[in-house]
Chemist: 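I'd like to ask you about the structure that follows.
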Amino acid sequence: MPLTPDALIASLAANGIPATTYTHPPVHTVAQSKAMRGDIPGAHTRNLFLRDSKKNYFLVAIAEDRPVDLKALRAPLGARGSLSFGSPEALFEHLGVLPGSVSLLALANDAARLVTVAIDRTLMGAEAIACHPLSNTRTSVLSPDALKAFLKVTGHQALELDLPAPADAADAGPAGAAEEPGGAGDGAAGGGGKNCHCDVRE
């Protein structure tokens, strides 16, 4: 069974990982996050749950306003074939969350470590990163060091990406599709899309 938000937050505390968690109305898109998150600090994110042609899965966290070219992600991610957004069913199977609640903290549910995680390098230079703690009604704010400590506990080694600007807007991931705000939103294909949160945003 996937962790509950309360169990995740308790796990962070038990592992000595500092995080401040805020409660807010449900947010499903980056636009909603910006409108409803209030004064929640930290870098807010878009979270893209992706798969390649061989059904390898990836969770990519980028700054919420940063455009992304899926074609340009193939090489740095080591994807085999083209990238597309993962389905809501695959999202729940691998990360234990529904569209709208995707964030880096959902890696706590990837016990088999089948999801490759990649983070926009600019996020790791922020003072704090906002991530949904498995629910789009909460946002947990962690320092980059705290986030690294969390990833160490889950057994994930994050790739840090230097993202180029998309060569063609048509190749950029749609502002929604399988993305979600990370602190206040996130993403997986279907279910209205536009899920991109890590609470940096998600």
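The figures here come from the full heavy-atom set of this structure, side chains too, leaving out hydrogens, waters and symmetry mates.
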Chemist: If hydrophobic clusters are built from ILVMFWY residues whose side chains come within less than 4.5 Å, do Leu3 and Leu104 share one?
Modeler: yes
Chemist: Within the side chain of Thr116, is there an N or O that forms a donor-acceptor pair under 3.5 Å with the backbone of Phe58?
Modeler: no
Chemist: Under 4.5 Å between side-chain heavy atoms, counting indirect links through other Ile/Leu/Val/Met/Phe/Trp/Tyr residues: same cluster for Ile9 and Val97 or not?
Modeler: no
Chemist: State, with a plain yes or no, whether a side-chain heavy atom of Val141 is found less than 4.5 Å away from one of Ile40.
Modeler: yes
Chemist: Can you measure from CD (Glu64) to CZ (Arg46) and round to the nearest 0.5 angstrom?
Modeler: 9.5 Å
Chemist: Given 3.5 Å as the limit, does a donor-acceptor pair link the side chain of Asn109 with the main chain of Leu95, or not?
Modeler: yes
Chemist: If two hydrophobic side chains count as joined below 4.5 Å and joins carry through other members, does Val115 share a cluster with Leu91?
Modeler: yes
Chemist: Has Arg138 got a side-chain atom pairing as donor or acceptor with Tyr22's backbone, closer than 3.5 angstrom?
Modeler: no
Chemist: Please check this pair: side chain of Asn15 against backbone of Ile17, looking for a donor-acceptor N/O pair closer than 3.5 Å.
Modeler: no
Chemist: Assign the ring pair His94 / Phe49 to parallel, tilted or perpendicular, where the plane angle (0 to 90°) is split at 30° and 60°.
Modeler: tilted
Chemist: Do Tyr57 and Leu50 have side-chain heavy atoms sitting under 4.5 Å apart?
Modeler: no
Chemist: Walk me through whether Leu161 and Val60 qualify under side chain to side chain contact (heavy atoms under 4.5 Å, CB included).
Modeler: CA-CA 9 Å; Leu161 301 178; Val60 181; 4.1 Å; yes
Chemist: Is the number of heavy atoms from other residues, nucleotides or ligands under 6.0 Å of Arg80 CZ greater than 12?
Modeler: no
Chemist: Could you pull out the closest heavy-atom pair between Pro144 and Ala126, with the gap in Å?
Modeler: CG-O, 3.0 Å
Chemist: Going by the rule side chain to side chain contact (heavy atoms under 4.5 Å, CB included), which residues pair with Asp65 if we only count those two or more places apart in sequence or in a different chain?
Modeler: Lys34
Chemist: Locate the shortest heavy-atom distance separating Pro133 from Leu8; write the atom from each residue and the value.
Modeler: CA-CD2, 3.6 Å
Chemist: Mind checking the CG-OG spacing from Leu105 to Ser140? Nearest 0.5 Å is all I need.
Modeler: 6.0 Å
Chemist: Rounded to the nearest 0.5 Å, how far apart are OG of Ser82 and CG of Leu73?
Modeler: 12.5 Å
Chemist: Does Glu127 form a side chain to side chain contact (heavy atoms under 4.5 Å, CB included) with Ser143? I'd like the steps, not just the answer.
Modeler: CA-CA 6 Å; Glu127 290 187 9; Ser143 69; over 6 Å; no
Chemist: Within the structure provided, determine whether Arg74 and Asp52 are in side-chain contact (heavy-atom separation under 4.5 Å).
Modeler: no
Chemist: Taking C-beta and beyond as the side chain, do Met124 and Lys148 meet within less than 4.5 Å on heavy atoms?
Modeler: yes
Chemist: Output the distance between atom CD1 (Ile119) and atom NE2 (His156), rounded to the nearest 0.5 Å.
Modeler: 11.0 Å
Chemist: Can you tell me how far apart CZ (Phe85) and CG (Leu48) are? Round to the nearest 0.5 Å.
Modeler: 4.5 Å
Chemist: Check whether the side chains of Thr122 and Asp120 place a donor and an acceptor atom closer than 3.5 Å, and report yes or no.
Modeler: yes
Chemist: Looking at Ala19 and Leu12, what are the two nearest heavy atoms and their distance?
Modeler: CB-CD1, 4.1 Å
Chemist: Starting at CD1 of Ile129, measure out to CG of Leu142 and round the result to the nearest 0.5 Å.
Modeler: 8.0 Å
Chemist: For Leu134 and Ala106, which heavy atoms make the closest approach, and how far apart are they?
Modeler: CD2-CA, 3.5 Å
Chemist: Could you pull out the closest heavy-atom pair between Ala158 and Leu151, with the gap in Å?
Modeler: CB-CD1, 3.8 Å
Chemist: If every non-hydrogen atom of Thr137 is compared with every non-hydrogen atom of Pro26, which pair is closest and at what distance?
Modeler: CG2-CG, 3.8 Å
